[in-house]
Amino acid sequence: MSEGFTSFRAAVTSLSMVLEIMHWTEAMGLLTLLNRCKKRRMIRVLGAHLRTKMCFHPELRQIFLSRSQTLQQKRRCAKLHKLNLKGKRSPRPRRWWVRPIYFERKEKGAWYTLIPKLRAHDTEKFYEFFRMTPEAFDRLLKLVRPHLTKYSWREAISPGERLAIALRYYASGDKYTSLSFLFRVSDQAISNIVLEVSAVIWNVLEPIVFETPSQENWLKIAAGFDLLWQFPHCLGAIDGKHIFMKKPAHSGSRNYNFKGRFSMVLMGIADARRKFLYAYVGASGKRGDSDIFNNSPFGKLLNEKALDLPPACHYDGIEEDLPFVFIGDGAFDKKPNLVNTFQRSNGILSAPKRVFNSRFSRARHCIEDAFGLLYKRYEVFDRPFEGTKTTVRSITLACCALHNYHLMDKTSVPPKRIQKRREWYFNHVDEEGNEVIGRYMNEDPEKEASILENLQSSVAHCSNSTGELSGEEIREVLLDYFIDYPVPGQWKKARVC
């Protein structure tokens with residue numbers, strides 16, 4: 001039988017067929033022939049077949065164990081010979097394969113002792129431990145379980161424990177060594193788990209919590225800004241945030257920023273409810289926000305007009321057709337679909353421009369609040385990251401996805417953990433006796449649906465004019481609108497009395 005195989009592919013195909021019908025004698029004869037081959041790729045593929053199909057048959061397993069031990073012994077001898085030629089001392093032999101404290105993972109590890117007690121008796125502490133409720137944890141685990149399940153000859157760490165390690169790292173920012181003592185898992189394994197789980201969370205949650213750019217979705221976002229912040233035709237607030245890290249190896253001053261620290265920049269866009277519409281991580285900290293945004297995938301699509309933005313249309317109170325715009329601070333360039341604030345000239349800013357900046361900042365604070373919530377929920381951002389740029393990028397994107405995951409699920413925060421709203425969030429009377437409409441009293445689904453219907457009607461009946469307003473012209477149009485249609489407290493906040 002064994003003499004008939006002339007290629008690696010034929011041998012593997014035959015092995016698969018033999019293992020399917022469980023003819024162990026023929027399989028052993030085939031493996032004996034293939035073990036004589038020195039191709040490592042063949043050994044790896046056959047090992048994968050054995051692990052997945054043969055249910056640890058003792059005789060076949062012994063063949064592969066003897067083969068792997070022989071390869072390890074040859075590699076060790078070659079390494080010692082190489083060290084002897086260089087005049088170096090041979091490495092110290094291992095004291096143990098697994099440290100004794102890690103054998104007690106099921107008896108003393110947090111996943112088997114502390115976490116079940118928190119889940120059963122104290123959900124508030126469970127939330128402090130993971131920054132999510134038990135129900136939210138279970139839903140997330142159901143999504144990522146297929147991607148975190150491992151198969152090995154030794155007992156693998158379960159998907160739930162892998163997810164718990166990563167979430168605890170995000171919530172606390174502890175070092176891997178500290179988490180090693182808590183979960184009774186080696187710090188090397190924790191390092192790999194955090195990176196792997198971060199990539200899985202981002203890949204799984206990104207299509208769920210980040211909406212695909214479409215004209216209908218942009219109109220919903222604009223309706224939210226109009227309802228909550230009284231800013232017409234706004235599609236999102238843009239800003240950058242420095243993610244501090246220790247100096248990456250062989251990077252020189254590439255990531256050294258103006259604050260005297262090493263960092264990468266998180267470029268984000270948020271809607272009216274502080275949800276991230278877009279997140280981009282990877283640019284060095286020494287670059288400016290405008291440069292990073294223009295060279296980001298989203299910025300390139302915006303310049304190429306490939307985001308399916310709604311066309312300029314009529315808005316009540318404005319004579320010209322008003323384009324839909326993004327808003328950013330003075331660090332960003334003025335474009336037809338990107339507006340920033342008025343800058344001081346010789347330290348002086350006129351009263352109308354101060355009014356515009358006040359209303360502008362009122363809506364732009366959505367992205368600042370989104371960064372604040374992200375940093376408050378996940379304390380891993382409180383200290384500089386230790387690791388490669390890939391690790392920093394994966395963890396940051398995973399936290400952004402989890403931020404949206406919680407905002408989309410109102411039950412992910414226990415009622416007792418909800419902070420008391422400040423009095424200006426609700427309707428109240430100011431010092432002058434005027435009634436002020438609070439921010440949360442504006443959250444009226446019926447009114448938002450009406451605004452969205454009006455926007456859809458305006459876009460459907462737009463004039464399709466070829467003229468396009470520049471960024472400066474859009475600012476002037478909005479300035480006139482803000483003065484003609486003020487919001488409560490506008491003049492006082494702009495210091496115009």
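Scope of the values below: all heavy atoms of this structure, side chains included, with no hydrogens, waters or symmetry mates. Keep in mind that this is a model prediction, so the values were computed, not measured.
- The aromatic rings of Tyr176 and Tyr169 lie tilted to each other, with the angle between the two planes from 30° to 60°.
- Atom CD1 of Ile318 and atom CG of Asp480 lie 9.0 Å apart (nearest 0.5 Å).
- Aromatic ring orientation, Phe381 versus Phe385: perpendicular (interplanar angle above 60°, classes split at 30° and 60°).
- Within the model, atoms OG1 of Thr133 and CG of Asp409 stand 7.0 Å from one another, a figure rounded to the nearest 0.5 Å.
- Rounding to the nearest 0.5 Å places CZ of Phe231 at 10.5 Å from CG of Leu235.
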Quiz item: Hey, mind stepping through Glu155 and Lys106 against salt bridge (charged side-chain N to carboxylate O under 4.0 Å, His left out) and telling me if it holds?
Solution: CA-CA 12 Å; Glu155 184 178 4; Lys106 289 190 175 182; 2.6 Å; yes

Self-check item: Trace of the side-chain hydrogen bond (donor to acceptor under 3.5 Å, both in side chains) decision for Ser251 with Tyr256
Solution: CA-CA 9 Å; Ser251 64; Tyr256 192 77; over 6 Å; no

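- Looking only at distances, a side-chain donor or acceptor of Ser186 sits under 3.5 Å from a matching main-chain atom of Ala189.
- Formation of a donor-acceptor pair under 3.5 Å by the Ser180 side chain with backbone atoms of Val185 is found in this model.
- Remark: side-chain polar atoms of His121 are not paired, donor with acceptor, to backbone N or O of Lys117 under 3.5 angstrom.
- Using modelled atom types, one finds a donor on one side chain and an acceptor on the other under 3.5 Å when comparing Thr388 with Thr391.
- In this structure, Arg119 pairs ionically with Asp138, as a charged nitrogen and a carboxylate oxygen lie closer than 4.0 Å.
- Counting heavy atoms from C-beta on, the side chains of Phe137 and Leu163 come closer than 4.5 Å.
- Heavy atoms from other residues, nucleotides or ligands lying under 6.0 Å from CG of Asp484 number more than 12.
- Scanning both residues, Leu143 and Ile208, for their nearest heavy atoms gives CD1-CD1, 4.2 Å.
- For His233, the ring-ring contact (aromatic ring centres under 6.0 Å, His included) partners two or more places apart in sequence, or in a different chain, are Tyr315, Phe324.
- Heavy atoms from other residues, nucleotides or ligands lying under 6.0 Å from CD of Gln215 number more than 12.
- Asn337 and Lys305 share no side-chain donor-acceptor pair at under 3.5 Å.
- A salt bridge links Arg162 with Glu196: at least one charged nitrogen is closer than 4.0 Å to a carboxylate oxygen.
- Relative to the six-membered ring of Phe244, Arg261 meets both conditions, a distance below 6.0 Å and an angle of at most 45° to the axis.
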Quiz item: Yes or no on side-chain hydrogen bond (donor to acceptor under 3.5 Å, both in side chains) for Gln343 and Thr341, after CA distance, side-chain angles and deciding distance?
Solution: CA-CA 6 Å; Gln343 304 298 316; Thr341 57; 3.2 Å; yes

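- Between Asn257 and Ser263 the shortest heavy-atom distance is ND2-OG, 2.7 Å.
- The only option from Phe225, Trp218, Tyr278 that meets the ring-ring contact (aromatic ring centres under 6.0 Å, His included) definition with Phe326 turns out to be Trp218.
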Self-check item: side-chain hydrogen bond (donor to acceptor under 3.5 Å, both in side chains) between Ser284 and Asn255, intermediate numbers included
Solution: CA-CA 5 Å; Ser284 61; Asn255 294 88; 5.1 Å; no

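- In this structure, the side chain of Ser361 engages the main chain of Asn357 through a donor-acceptor pair within 3.5 Å.
- Using a 4.5 Å cut-off on side-chain heavy atoms (C-beta onward), Cys366 and Trp229 make contact.
- Ser198 places a side-chain N or O within 3.5 Å of a backbone atom of Val194 that can act as its donor or acceptor partner.
- The structure places CG of Asp382 at 8.5 Å from NZ of Lys376, a figure rounded to the nearest 0.5 Å.
- Taking a 6.0 Å sphere around NZ of Lys125, one finds it holds 12 or fewer heavy atoms contributed by other residues, nucleotides or ligands.
- Using a 4.5 Å heavy-atom cutoff, the side chains of Val392 and Ile243 are in contact.
- Geometrically, Arg168 engages Phe129 in a cation-pi contact defined by less than 6.0 Å to the ring centre and at most 45° from the axis.
- The structure places CD1 of Ile157 at 5.5 Å from CD of Glu161, a figure rounded to the nearest 0.5 Å.
- In this structure, Glu320 has no salt bridge (Lys or Arg N to Asp or Glu O under 4.0 Å) partners at least two apart in sequence or on a different chain.
- You'll find the side chain of Asp329 stays beyond 4.5 Å of the side chain of Asn340, heavy atoms only.
- Ring-plane geometry between Phe298 and Phe293 is classed as tilted, the angle between the planes lying from 30 to 60 degrees on a 0 to 90 degree scale.
- When only modelled atom types and interatomic distance are considered, Gln230 and Arg362 share a side-chain donor-acceptor pair under 3.5 Å.
- The pair Lys220-Glu211 does not meet the salt-bridge criterion, since no charged nitrogen lies less than 4.0 angstrom from a carboxylate oxygen.
- Taking 4.0 Å as the cut-off between side-chain N and carboxylate O, Lys275 and Asp271 do not count as a salt-bridged pair.
- Here CG of Leu302 is found 9.0 Å from CG of Asn294. Values are rounded to the nearest 0.5 Å.
- Ring geometry for Phe371 versus Phe276: interplanar angle of 30 to 60°, hence tilted.
- Ring geometry, Phe210 versus Trp202: the interplanar angle exceeds 60°, so the pair is classed perpendicular (tilted spans 30 to 60°).
- When side chains are defined from C-beta on, Leu373 counts as touching Arg274, because their heavy atoms get closer than 4.5 Å.
- Residues Val200 and Leu148 meet the side-chain proximity criterion, which asks for heavy atoms closer than 4.5 Å.
- Remark: side-chain polar atoms of Asn203 are paired, donor with acceptor, to backbone N or O of Ala199 under 3.5 angstrom.
- Within 6.0 Å of CD on Glu472 lie no more than 12 heavy atoms contributed by other residues, nucleotides or ligands.
- Between Gln188 and Ser191 the shortest side-chain heavy-atom distance does not fall below 4.5 Å.
- Between Glu368 and Arg364 there is a salt bridge, since at least one side-chain N of the basic residue sits less than 4.0 Å from a carboxylate O of the acidic one.
- The backbone N or O of Arg287 sits nowhere less than 3.5 Å from a side-chain atom of Asp291 that would complete a donor-acceptor pair.
- In this structure, Arg475 places its CZ atom where more than 12 heavy-atom neighbours from other residues, nucleotides or ligands lie under 6.0 Å away.
- Taking the ring axis of Phe181 as reference, the NZ or CZ atom of Lys108 does not stay both within 45° of it and closer than 6.0 Å to the ring centre.
- Between Arg139 and Tyr405, the closest side-chain pair of non-hydrogen atoms falls below 4.5 Å.
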Self-check item: Criterion side-chain hydrogen bond (donor to acceptor under 3.5 Å, both in side chains) on Ser214 and Asp308, from CA distance to verdict
Solution: CA-CA 6 Å; Ser214 66; Asp308 195 18; 5.5 Å; no

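- Across all non-hydrogen atoms, the minimal contact from Ala401 to Val209 is O-CG2, 3.9 Å.
- Between Tyr378 and His406, the two ring planes are tilted [angle within 30° to 60°].
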